[in-house]
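Structure first, then comments.
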Amino acid sequence: MKYRQLGSSELKVSEISLGSWLTYGGGVERQQAEACIHKAFDVGINFIDTANVYGRGAAESLLGEVLQGVDRSSYILATKVFFPMSPTDRGLSAAQIHKQIDASLQRLRTDYVDLYQCHRYDVNTPLEETMTALTDVVRQGKARYIGFSEWSPAQIQAALNLPNVEKFVSSQPQYSMLWRQPEAEVFPLCAANGITQIVWSPLAQGVLTGKYKPGEAPPQDSRAANDQMNGFMQDLRSDRVLSAVQNLKPIAQRLNLSMAQLALAWVLRDERVSSTIIGASRPEQVADNAGASGVKLSSEVLREIDEVLAPALSYATAR
């Protein structure tokens, strides 16, 4: 496992990180979830990402139980705040930030998180109020650093312009071979200000593993078979996208990589990315994904990938 600096922080995070959306504390049985977490440590993953809203606290609670007894200094723990925890508990007001960090720490059974992230931007709360509250959380020792997920360039710049507040060290965008929008503005703005990327959905919700075939129903045990996720993934599962993805298989085979490893290595080709989050339901998936760390893709391979995916990219960019 290779490690990279997380923005301007002192943290060195594994290139592959373990996420917990739709998995731990909900979609995956406790025994399997625990096995995945232990396998992550076995293969050198030191970065775990979660959020208070995952399973309405269940993911944090499971992690808190499983991580008991593990040396706290041996792993880096990140969580998030914004989405509703109840009809009245949501957003990034000072009251919510202070309430939710305390609740997250209690569920995680720790005194601090290494990274506390705004899960989205809160248009209903003044930015200065949000940033002041996050600064208080850091100065109280409840979080070491702060980050954000899916903020626009204008929102990022506005936060950077505020005086006397903690500065962000990380951005968490959706990014993959099929979804490249952050490259245009978010990546360069962040790079110029000591902020690196923690990528979510690097496998495009599993589409880049090649398991979804054009014209075929999704496998019963897949995310796309879930009614809720099927709607979320509808654009990604068009025949045009799936056909293009199938054409990546010969490239992966020639390089002796799994399809997942190829997709993860592609994301990690960019030095502005510190880590890419995987979601695993089986420990063997963790081991396979971890194998992408350190893989270097040649310029010829990168051009070939772009040519193969050209039909899918024109479609994905337009949606």
Side-chain angles (χ1 to χ4, degrees), residues 1 13-81 83 85 100 103-110 112-117 119 149 172 198-206 208-209 211 218-229 232-233 258 260-261 263-264 275-293:
M1 180 62 61
V13 295
S14 49
E15 290 186 336
I16 306 297
S17 44
L18 186 66
S20 54
W21 180 47
L22 297 178
T23 49
Y24 308 148
V28 176
E29 292 184 4
R30 164 63 185 261
Q31 187 175 359
Q32 283 292 93
E34 191 166 350
C36 287
I37 295 166
H38 290 309
K39 176 58 72 174
F41 289 138
D42 289 344
V43 299
I45 291 173
N46 74 342
F47 186 23
I48 298 174
D49 180 83
T50 189
N52 61 349
V53 76
Y54 297 163
R56 290 293 192 276
E60 287 183 331
S61 294
L62 184 140
L63 286 169
E65 294 170 12
V66 174
L67 294 173
Q68 284 298 291
V70 179
D71 180 3
R72 181 64 184 84
S73 66
S74 69
Y75 62 90
I76 293 166
L77 185 59
T79 193
K80 311 182 197 75
V81 58
F83 285 112
M85 292 297 286
Q100 297 304 329
S104 287
L105 293 178
Q106 184 174 17
R107 287 188 292 265
L108 289 165
R109 303 188 185 188
T110 184
Y112 69 95
V113 291
D114 298 280
L115 182 65
Y116 199 44
Q117 303 160 99
H119 212 159
S149 178
Q172 189 171 133
I198 305 165
V199 172
W200 68 272
S201 198
L203 303 182
Q205 301 302 320
L208 286 168
T209 66
K211 64 184 174 183
Q220 287 301 308
D221 62 346
S222 68
R223 286 187 179 183
N226 178 292
D227 289 340
Q228 179 184 357
M229 287 302 296
F232 179 75
M233 295 175 60
S258 68
Q261 289 170 342
L264 294 168
S275 188
T276 181
I277 301 170
I278 62 166
S281 57
R282 302 188 305 276
E284 53 267 30
Q285 290 176 326
V286 177
D288 177 79
N289 290 178
S293 179

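These numbers come from the heavy atoms of this one structure, side chains and all, not from hydrogens, waters or symmetry mates. Here the structure is a predicted model, which is why all the values come from computation and not from measurement.
Interatomic distance, CG of Leu208 versus OG of Ser258, reported as 11.5 Å (0.5 Å rounding). Distance CG/Leu18 to CG/Leu63: 8.0 Å, rounded to 0.5 Å. Gln261 contributes atom CD, which lies 10.5 Å from atom CG of Leu203 (distance to the nearest 0.5 angstrom). Interatomic distance, CG of Asn289 versus CD of Glu284, reported as 11.0 Å (0.5 Å rounding).
Sequence neighbours left out, the pairs with a member in residues 45-60 that pass salt bridge (Lys or Arg N to Asp or Glu O under 4.0 Å) are Asp49-Lys80, Glu60-Arg107.
What you find for Leu264 and Ala292 is that their closest heavy atoms are CB-CB, 3.6 Å. When all heavy atoms are compared, the tightest approach of Gln117 to Ala78 is NE2-CB, 3.6 Å. Nearest heavy-atom pair, Ala260 versus Thr209, reported as atom, atom and distance to 0.1 Å: CB-CG2, 4.4 Å. Considering every non-hydrogen atom in both Tyr54 and Ser20, the closest pair reads CD1-OG, 3.6 Å. The two residues Gly64 and Gln68 come nearest to each other via the heavy atoms O-CG, 3.1 Å.
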Validation: residues 31-41 side-chain donor-acceptor distances under 3.5 Å, sequence neighbours left out:
from  : atom 1 : to     : atom 2 : distance (Å)
Gln32 : NE2    : Ser281 : O      : 3.4
Glu34 : OE1    : Arg30  : NE     : 3.2

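Looking at Arg109, its side chain never comes within 3.5 Å of a backbone N or O of Leu67 through a donor-acceptor pair. Under a 3.5 Å cut-off, the side chain of Ser14 and the backbone N or O of Asn46 do form a donor-acceptor pair. Formation of a donor-acceptor pair under 3.5 Å by the Thr276 side chain with backbone atoms of Ile16 is not found in this model. Side-chain atoms of Asp114 come within 3.5 Å of backbone atoms of Leu77 as a donor-acceptor pair (strictly under, hydrogens ignored). Within the 3.5 Å criterion, the main-chain N or O of Met1 finds no donor-acceptor partner in the side chain of Ser293.
Between Ile48 and Ile76 there is no side-chain heavy-atom pair separated by less than 4.5 Å. Side chains of Tyr116 and Thr79 form a contact here, defined as non-hydrogen atoms less than 4.5 Å apart. At least one side-chain heavy atom of Leu115 sits under 4.5 Å from a side-chain heavy atom of Ile198.
Using bins of under 30°, 30° to 60° and over 60° for the plane-to-plane angle, the ring pair Trp200/Trp21 lands in the perpendicular bin.
Environment of CD in Glu65: crowded, with over 12 heavy atoms of neighbouring residues, nucleotides or ligands closer than 6.0 Å.
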